[in-house]
Amino acid sequence: MLTATYAVLAALGCGYVLVSAFLGHSFDAPDGGHGGGGSDGSYGVDGSGHGAVHADGAVDAGFHFPFFSPLALAAFAGALGAFGLIARLGLGLDDWASLLVAVPAGMATSYAASYAGWKVMSGAEASSQIRSADLEGARAEVLTPIPGGGLGEVAALVNGQRFTASAREAEGREVPRGAHVTVVQMVGSTLVVKLDPRP
C-alpha cells in the first residue's frame, strides 16, 4: 500500500511542478508568481497605461523558505514519492525504513528546489531593476506632450530596458510630443527633464 502511495505522490508532485513551470507559477502566488518590487500596473498622466517600472521599490533580498507554498509542497510530495519508491523498490527497505529515508530526502529536495528557483528569480529581478542614478543623464522621448508647468509622459531606454514615467520640464516649459529630452533627476515617481538640443 505504501508503494502505491509513493507512486501517486511522485506523479502528482512532479506533475504539478511541471505544469506550474510551463504556466509561470500561476497557481503559486496571487500576483502570478512574480516578484512585485516595482510595478503598479499603470503609468501615464491619467494612469491608463500598462505596467510602469518604478525605481523606488525596496525588496527584501534574503531567501525565506516558503513552507506552505503550493510549489514547495508539490516539490516535497514529488520528492517524497520518488525517494520512497527508490527506498522500497531499489533498496528493498520495509515501510518504516523507507519513510526514514524518503521524508528527510523529500524535505531537502524541496528546500533545494525552492532555493534554486529563488536564485534564478532574484538574479532576473536584480538585472531588471532600474535605479534612479541610472536614469540621470539618460535620453528620453516625449510620449505625451508636457504642458507648461504641467506633467507629460516620457520613455527612456536604460540598460536595454524601456522605462516609461510621468515627467515635467525642469524650468516649467512646454515640450511637444516626439521631442528628445535628457533626464535631470527623479522626484518620487516623476522624472524632471530638459529639452535635448541633439536631434
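Note: M186 CE to L135 CG = 6.0 Å, rounded to the nearest 0.5 Å. Atom CG of L191 is separated from atom CD of E169 by 13.0 Å, given to the nearest 0.5 angstrom. To the nearest 0.5 Å, the span separating CD1 on I86 from OH on Y6 amounts to 11.5 Å. Atom CE in M1 sits 10.5 Å away from atom CG in D95 (nearest 0.5 Å).
Taking both residues in full, the closest heavy atoms of S189 and S166 are given as O-OG, 3.8 Å, listed atom of the first, atom of the second, then distance. Here the closest non-hydrogen pair linking A138 and V158 is CB-CG2, 4.1 Å. Across A155 and R162, no two heavy atoms sit closer than the pair CB-NH2, 3.6 Å. Among all heavy-atom pairs drawn from Q185 and E136, the shortest one is CA-CG, 4.0 Å.
No side-chain donor-acceptor contact under 3.5 Å links R88 and S98.
Cluster annotation: L85 is connected to W96 through the hydrophobic network of ILVMFWY side chains, with a link wherever side-chain heavy atoms come within less than 4.5 Å. No continuous path of hydrophobic side-chain contacts links V192 to F163 [ILVMFWY only; heavy atoms under 4.5 Å].
The side-chain contact (heavy atoms from CB on, under 4.5 Å) with I146 is formed by just one residue from the set V193, L151, L195; it is V193.
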